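Just so we're clear, the structure is a prediction, and the values are computed from it rather than from any experiment. The chains referred to below are lettered A, B, ... by the order of the sequence lines, with proteins before strands, and numbering in each begins at 1.
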Number of protein chains: 2
Amino acid sequence: MVTPKTIPQYRRLYEILRKHILDGVYKEGDLLPSENELCQMYTMTRPAVRQALATLSNDGYIRKHQGKGSIVHHLPKEIGILSVSGTTSALGDRNLKTRIVVKPVLMRWPDDFMFPLTDLEKESGCVYMERLRLLDDSPIFYDISFIANINLPRITSRKFVNRSLFQILRDHYGVEIKGGDQRIKAIMASAKISRLLHLKRDQPVLHLERKMETNKPGLFLYSSIFCNTEKYAIFGRF
Amino acid sequence: MVTPKTIPQYRRLYEILRKHILDGVYKEGDLLPSENELCQMYTMTRPAVRQALATLSNDGYIRKHQGKGSIVHHLPKEIGILSVSGTTSALGDRNLKTRIVVKPVLMRWPDDFMFPLTDLEKESGCVYMERLRLLDDSPIFYDISFIANINLPRITSRKFVNRSLFQILRDHYGVEIKGGDQRIKAIMASAKISRLLHLKRDQPVLHLERKMETNKPGLFLYSSIFCNTEKYAIFGRF
DNA sequence: TCATTCAACTTGTATTAACAAGTAAAAAAT
DNA sequence: ATTTTTTACTTGTTAATACAAGTTGAATGA
């Protein structure tokens, strides 16, 4: 278990405001308290408040308007670090499940891996797993993950049910996702993917290849994700 | 013509460093000058330098490492505000063309528009246009754009060849894109799209629906974009 | 009544300062 | 020679302050 360090003030305010927005204390379209008010409320200086608001703005939770204030933006639902938005109905929070298709195993990296690897990564081998993500009991994401086996003792024996991979990495190994790159394509589903995602014949799927950076230098997470976007679309901000 | 205002210092440094990175003065993996060095070089204070670097980091041009410095990240090619990465070869700068399929016309909004519209937008009508984006002489993007006809005099009579829509909006109307939302799906190409993008039979395409916010309150740009992702993938950072 | 001006907000930009924390290489000790 | 410690860097966080610029609504004028 990794002991959490002292978190900076702006981060603390960020988490508070984010939680309030997600909990509906501040609703879409609402005006947040002004920067000066937040300074007083949480006894911090304006640069700290501004950094919290800037991060919220960057993550798409609010939009700032000079002379006006910070307005709460509508918010997408997040699964892992993917956002989805239903094209028909709004989607609740509880109908989200994860099913392990292949439990974490140690293996060599595939020969033609989707991203270039460092020598350290290559010789360390990788932890491999396959998961299926279900929304409303229909499979939406098929996620193949690769992690270099660097400083992750006993990871293959951990229980992944009802806990996200990211959460386990954070809680037990102190690994935080800091960002990453992704490539997106539209492809025809293979037989295996059609079966797993319960697709009709000749249905296209979204294919995401992601490389995620962590706070541990040299440690990356890789994912190859196949999405059924018939009912739900991938949602993004920029 | 809109007169440009005085640009802030951090923005100026951002543009300089960004250009240097794009021009190859600083190459991928290079360490940028330290914050204090940049302060001296451009005679500004550290907060200004830090804001420039933070923006660069946010846009994915650099990655910052505490105790180490700012390292130049690899960079994707940008088309409009879409990034692409070739799956086979690196792609040059010159083989990028835009063809107007439907010249800008004024019309009513479609009845079942992809995003909800305000009353002001509805009664203003919209400027509609269709464009085809070619990479290496093969059509990659088919872009259908909608703009509310608010304070955009004579826009339908402007020449759009060799100039991006965003550039015209910025230069003549002072409109800047500040961010936006997008939905991404994988769909089967319709007959029209197959023809325009020179697709083989039963080939899937990426469909993006975007709503872009501008610096003018109430003015949004909407795009429905169809991408052939066989040779090039959409590239993203997060 | 209507339009204009003004005052009281808001966020944006800039300066200066100090210390904390992470990194890497030189220096010292074993 | 190897390991450990120190030192000199780097970026990260916090503080206090001032003025610029955009927004809004009240006060003022015609």
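Under the side chain to side chain contact (heavy atoms under 4.5 Å, CB included) criterion, A/Asn36 pairs with A/Ser34, A/Arg46, sequence neighbours left out. For B/Phe235, the ring-ring contact (aromatic ring centres under 6.0 Å, His included) partners are B/His74, not counting sequence neighbours.
Exactly one residue among B/Asp23, B/Leu17, B/Leu22 makes a side-chain contact (heavy atoms from CB on, under 4.5 Å) with B/Lys19. That residue is B/Asp23.
Summarising the geometry, the separation between NZ on B/Lys178 and P on D/dG22 is reported as 11 Å, rounded to the nearest angstrom. The nearest whole Å value for the distance from the CD1 atom in B/Ile71 to the C1' atom in D/dT11 is 12 Å. The distance from atom CZ of B/Arg63 to atom P of D/dG12 is 13 Å, rounded to the nearest whole Å. Protein atom OH of A/Tyr42 is 16 Å distant from nucleotide atom P of D/dT14, rounded to whole Å.
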Item to complete: Going 5' to 3' through nucleotides 8-15 of chain C, assign each nucleotide B (protein heavy atom under 4.0 Å from a base atom), S (under 4.0 Å only from sugar-phosphate atoms) or - (no protein heavy atom that close).
Response: --BBBBSB
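Aromatic ring pairs are classed by plane angle as parallel below 30°, tilted from 30° to 60° and perpendicular above 60°; the pair A/Trp109 and A/Phe113 is perpendicular.
Under a 3.5 Å cut-off, the side chain of B/Asp181 and the backbone N or O of A/Gly60 do not form any donor-acceptor pair. Side-chain atoms of B/Ser57 do not come within 3.5 Å of backbone N or O of B/Leu53 as any donor-acceptor pair.
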